[in-house]
K.L.:
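Once you've had a glance at the structure underneath, I'll fire off some questions.
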Amino acid sequence: MGLTGRADTMANYAILFRDHIARSIVRCSARMELSGQMPAAGDREQALHTLSYALNVEDIWPETRALLLALAPKMEQAGHRDDWLPYLDRGIEQCQRLGDVPAEAALHWHKGVVLELRCLYDDAREELSFSVAQFAAVGDSRNQARALNKLANVARLQRQVHEAERLVETAMVLLEPDDTERAYGLIVMGAMALDACQWPAAADYFSQAIDVYRASGDQRMLAWSLTNLGVAQRKLKDYQRAIACYHEAIAVFEKVHDPVHRAAVHINLGNVFLKVGNVDEALASYRQAEPVFYQVRDNLHLAFAYVNIGMACRLLGRWREAERALSTSIDLLGGLNRPKKIANCREELGLTYQAQGRTAEAITQYEQALDALNDRGADQELRNSILANLRVARQISSTPAPAST
Amino acid sequence: MQTSQLSSLLLFQKIRANSATEADAHRQVLDTAVEALGAVHPSDARLLQLRFRQGMTAREAGSLLHLAESTVYTQQREAIARLTAVIEGQERQIRSTQLASWERRLEGLATARLVGIDDQLASLSARLGSTDPPFVTSIEGIGGIGKSTLAEALVRRLAPETAYVDLAWVTARQQSFNLGGSIREERRSLLSALGIAELIFDQLWQDEVQPLALSSGHKLQMLQQRLKQTPHLVVVDNLETVADLDQLLPTIHQLANPSQFILTSRESLFSESGIYHHPLRELGQVHALQLVRQEAEERNLPSLASAPDDDLVPIYDTVGGNPLALRLVVGQVHIYPLEHVLNGLRGARGQSALNLYTYVYRKAWDSLGENEQSVLLAMPLIREQGGELDDVAAVSGLPPDVVGDALATLVPMNLVDARGDFDQRRYTIHSLTRTFLHEIAHWA
């Protein structure tokens with residue numbers, strides 16, 4: 001005997017409860033639609049809460065799937081990461097149980113995007129590869145191309161240049177000539193040009209992408225392209241244009257409620273300010289980015305924010321803050337296989353120690369920076385800079401101190 | 001009316017209870033103290049009698065006692081200081097006797113370290129220490145949430161520092177749930193308003209000779225006379241089980257002021273005026289885990305007491321911050337693995353889990369109509385931070401006015417919490433209620 005006695009009564013309550021779940025899903029979907037760009041935090045919480053029930057009820061899968069897919073880009077955009085992934089996983093499981101391949105392909109795509117933003121590139125590639133295969137299986141070539149483009153970007157982030165190029169080319173073949181998704185391929189190509197220090201080519205790719213997104217009205221991708229163009233302009237030493245690109249990108253990301261990408265632009269903007277000697281502005285810009293990356297546990301960008309904060313603090317003579325930021329950055333980068341950044345960070349820490357007369361500690365940092373670089377030929381400029389600092393530090397160290405009177 | 005400067009003393013209030021006027025009581029306190037002083041310092045007592053009872057001037061008293069006038073003033077100051085010490089000693093003694101007497105009337109609920117109620121104790125103590133209305137305070141909340149424990153802690157806190165002449169603690173409880181997981185029937189029939197009044201009377205007159213065959217009406221009259229004359233503290237526990245609440249509440253209002261009443265009830269008395277409502281919410285996670293560890297320590301379960309938060313959070317996730325349920329879990333860990341205990345609660349399996357839900361919810365659930373049950377079953381689907389009436393209506397599929405009516409039943413029964421301000425009310429449920437409703441809906 002249960003709590004309320006009769007079995008038929010219990011069955012009625014079970015049916016009633018499932019009806020409530022179905023209505024709750026419909027309600028959440030309606031609110032998502034009404035909310036436009038970004039639903040309020042309360043609506044997102046309610047949607048997640050409802051999904052936690054609905055994902056266990058097979059009968060209402062079409063409604064649940066609609067909510068899940070509508071929510072996915074908004075959750076990613078609002079900075080949800082680890083708290084959102086379990087819902088995508090449960091959605092994928094449900095797709096597998098019910099044989100819903102198109103929805104599974106889409107959910108793998110969304111999961112891949114979130115994992116990429118979490119800097120979990122191997123996992124992201126796995127998800128995006130599933131997505132490519134499943135979109136191909138159901139003959140959805142446009143979404144297959146989208147997944148290929150995303151996969152290309154992850155390959156690029158993993159320094160697999162040829163693989164990235166091949167993936168973009170495959171995506172382009174699948175897309176119609178006037179499809180705006182082609183612009184994403186241009187962004188990936190531009191990013192690869194940046195990696196190869198081909199600044200004018202990079203600027204050209206990004207400008208083309210900007211034109212496409214301005215015409216199509218895709219604000220978020222427009223802001224992303226502007227950010228990349230800003231990087232290329234900085235490399236081309238056109239700082240005023242770079243700052244203008246970043247300011248426009250920040251405004252657009254603000255408008256579309258994308259705090260994470262806005263924070264990334266703040267880092268870039270800070271870098272330009274630093275370059276033109278406006279250290280206070282640079283530090284203020286970095287500081288705006290730090291809490292956002294911390295909140296979404298984006299350790300890579302958080303590490304970038306800290307190394308830049310450390311550099312700005314060193315230039316302002318705020319040693320304690322500089323040391324703390326740089327040490328934190330080294331810890332974060334240690335887990336992300338970023339030897340060049342670690343070397344850069346250690347050089348900064350060495351300079352911070354050296355400026356305080358702590359030469360022995362500075363030497364240790366320079367030596368560890370060189371160890372981190374190992375024999376990577378592409379980083380010769382950084383290596384030379386570290387070696388020069390090391391020589392100076394050793395010279396100071398070997399010079400006898402003046403005799404005290 | 002002039003108030004005696006001694007009125008804050010329990011000593012005064014005790015005497016006042018049997019005096020015709022405040023002035024009589026005031027005089028009796030001082031006379032008794034002077035008499036006690038005379039046993040040790042006869043000259044002090046004599047001087048005070050001459051000066052303040054017989055109304056002699058300092059010169060007249062000095063002449064009689066062969067003292068200079070200035071010496072009279074010096075000795076008078078010293079005598080008053082010693083008299084004050086005598087009164088303080090008498091006050092201490094009477095409070096100590098009273099504490100022992102009150103202790104016998106309490107249920108021993110709040111003897112352990114209490115968790116998460118410090119702020120509530122402070123605010124309620126301040127409220128009860130005030131001489132302003134209302135004189136009835138109602139602690140309201142779902143079963144097992146700690147209403148009686150809070151009331152008892154409040155009594156213990158007030159006892160040493162306030163001038164309540166006496167305490168009455170009566171309970172209308174029919175059942176109790178022990179931490180072994182079983183329910184004990186305490187009373188078969190429901191208590192009536194007169195029955196409650198008689199229980200209060202019996203406690204307050206227990207040390208006095210009562211006339212034989214006193215009628216209930218006469219007892220109520222005597223009770224009213226006493227409680228109106230001097231401040232008493234009266235606790236009526238488990239008010240929701242009183243048969244004729246509509247009779248009892250007017251009676252309580254008649255008896256209150258300056259006496260204070262503390263009521264505990266599963267049902268909120270929002271429709272009644274002249275009552276200060278204190279809703280008791282479940283503990284937050286931090287306090288819930290603190291209670292689990294403390295309980296485990298007291299029960300000699302060192303591994304549970306020292307377990308990291310991650311190991312204990314599933315307890316909170318299952319039963320929320322309901323202290324009775326948390327303590328039941330710890331009690332059961334003596335016998336079963338924790339996971340087994342929690343699974344039992346989640347699926348309402350095992351006699352202990354069934355008894356807990358029966359004790360806390362059964363009567364309330366059975367009393368609900370179809371719409372109320374449907375609305376309550378919609379509540380687990382509302383996020384923990386709560387939802388507005390429209391949200392509940394959309395999920396339940398009932399029109400908003402019907403949902404509003406249902407909430408008007410569910411909120412006073414403390415099955416649903418109404419939070420927020422007058423602009424916006426949000427409705428939510430306790431975690432234990434959520435677990436109970438999952439079981440009702442066969443939701444694994």
Side-chain angles (χ1 to χ4, degrees), chain A residues 1-35 39-60 63-64 67 71 75 78 80 82-84 86-87 90, chain B residues 317 345 347-351 353-368 370-388 390-398 403 420 424 426-429 433-444:
Chain A
M1 176 80 81
L3 283 164
T4 55
R6 293 176 45 163
D8 56 344
T9 310
M10 295 297 284
N12 289 340
Y13 291 140
I15 292 165
L16 180 61
F17 192 61
R18 278 154 181 74
D19 289 346
H20 286 347
I21 296 171
R23 274 189 291 269
S24 190
I25 278 283
V26 171
R27 163 92 168 165
C28 289
S29 294
R31 289 194 70 100
M32 283 297 126
E33 221 164 277
L34 277 178
S35 65
D43 283 338
R44 295 202 301 271
E45 280 168 19
Q46 179 59 53
L48 291 183
H49 184 71
T50 301
L51 280 173
S52 69
Y53 285 94
L55 282 165
N56 292 315
V57 186
E58 292 186 358
D59 305 350
I60 55 168
E63 292 82 3
T64 306
L67 177 61
L71 198 56
M75 293 301 283
H80 292 270
D82 290 356
D83 56 337
W84 172 234
Y87 293 87
R90 286 179 62 189
Chain B
D317 288 343
L345 284 162
R349 285 191 302 274
Q351 202 54 48
L354 279 171
N355 283 344
L356 175 73
Y357 291 128
T358 301
Y359 176 73
V360 178
Y361 296 108
R362 179 64 183 256
K363 191 176 162 205
W365 175 260
D366 287 348
S367 73
L368 297 178
E370 199 176 316
N371 287 339
E372 284 98 0
Q373 285 190 343
S374 180
V375 168
L376 191 53
L377 263 181
M379 291 308 299
L381 294 161
I382 303 295
R383 67 194 176 107
E384 283 174 29
Q385 294 80 355
E388 294 175 34
D390 281 353
D391 298 322
V392 183
V395 174
S396 66
L398 294 168
V403 173
Q424 189 191 44
R426 305 191 72 82
Y427 302 95
T428 184
I429 52 174
T433 311
R434 190 180 301 274
T435 308
F436 164 75
L437 291 169
H438 284 170
E439 174 48 29
I440 288 284
H442 264 209
W443 186 259

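By convention in this document, chain letters (A, B, ...) are assigned in the order of the sequence lines, proteins followed by strands, and residues within each chain are numbered from 1. These figures come from a predicted structure and were not determined experimentally.
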K.L.:
Can you check whether B:Asp391 reaches A:Arg27 side chain to side chain, under 4.5 Å on heavy atoms?
P.N.:
yes

K.L.:
Just give me the residue among A:Ala54, A:Gly42, A:Ser52 that pairs up with chain B most often, heavy atom to heavy atom, under 4.5 Å.
P.N.:
A:Gly42

K.L.:
Below 4.5 Å from any heavy atom of chain B, which atoms of A:His49 appear? Answer side chain, backbone, both or neither.
P.N.:
side chain

K.L.:
Heavy atoms only: give me the nearest B:Leu381-A:Ser24 pair and the separation to one decimal.
P.N.:
O-OG, 4.1 Å

K.L.:
Quick one: does A:Arg23's side chain get under 4.5 Å of B:Ser396's, heavy atoms only?
P.N.:
no

K.L.:
Any chance you could measure B:Ser374, atom OG, to A:Asp19, atom CG, to the nearest 0.5 Å?
P.N.:
9.0 Å

K.L.:
Can you confirm whether A:Phe17 sits close enough to B:His442 that some side-chain heavy atom of one is under 4.5 Å from a side-chain heavy atom of the other?
P.N.:
no

K.L.:
Please work out which of the three classes, parallel, tilted or perpendicular, describes the rings of B:Trp443 and A:Tyr53, given edges at 30° and 60°.
P.N.:
tilted

K.L.:
Less than 4.5 Å to any heavy atom of chain B: does that hold for the side chain of A:Leu16, its backbone, both, or neither?
P.N.:
side chain

K.L.:
Tell me, side chain or backbone of B:Ile382 under 4.5 Å from chain A's heavy atoms, or both, or neither?
P.N.:
both

K.L.:
Non-hydrogen atoms of chain A under 4.5 Å away: do they reach the side chain of B:Asp390, the backbone, both or neither?
P.N.:
both

K.L.:
Could you check whether any side-chain N or O of A:His20 sits under 3.5 Å from a backbone N or O of B:Met379, counting only pairs where one atom can act as donor and the other as acceptor?
P.N.:
no

K.L.:
Around B:Gln385, counting heavy atoms of other residues, nucleotides and ligands shown, do more than 12 lie under 6.0 Å from its CD?
P.N.:
yes

K.L.:
Select one option (side chain, backbone, both, neither) describing which atoms of A:Thr50 are under 4.5 Å from chain B's heavy atoms.
P.N.:
side chain

K.L.:
Any chance you could measure B:Arg383, atom CZ, to A:Glu45, atom CD, to the nearest 0.5 Å?
P.N.:
4.5 Å

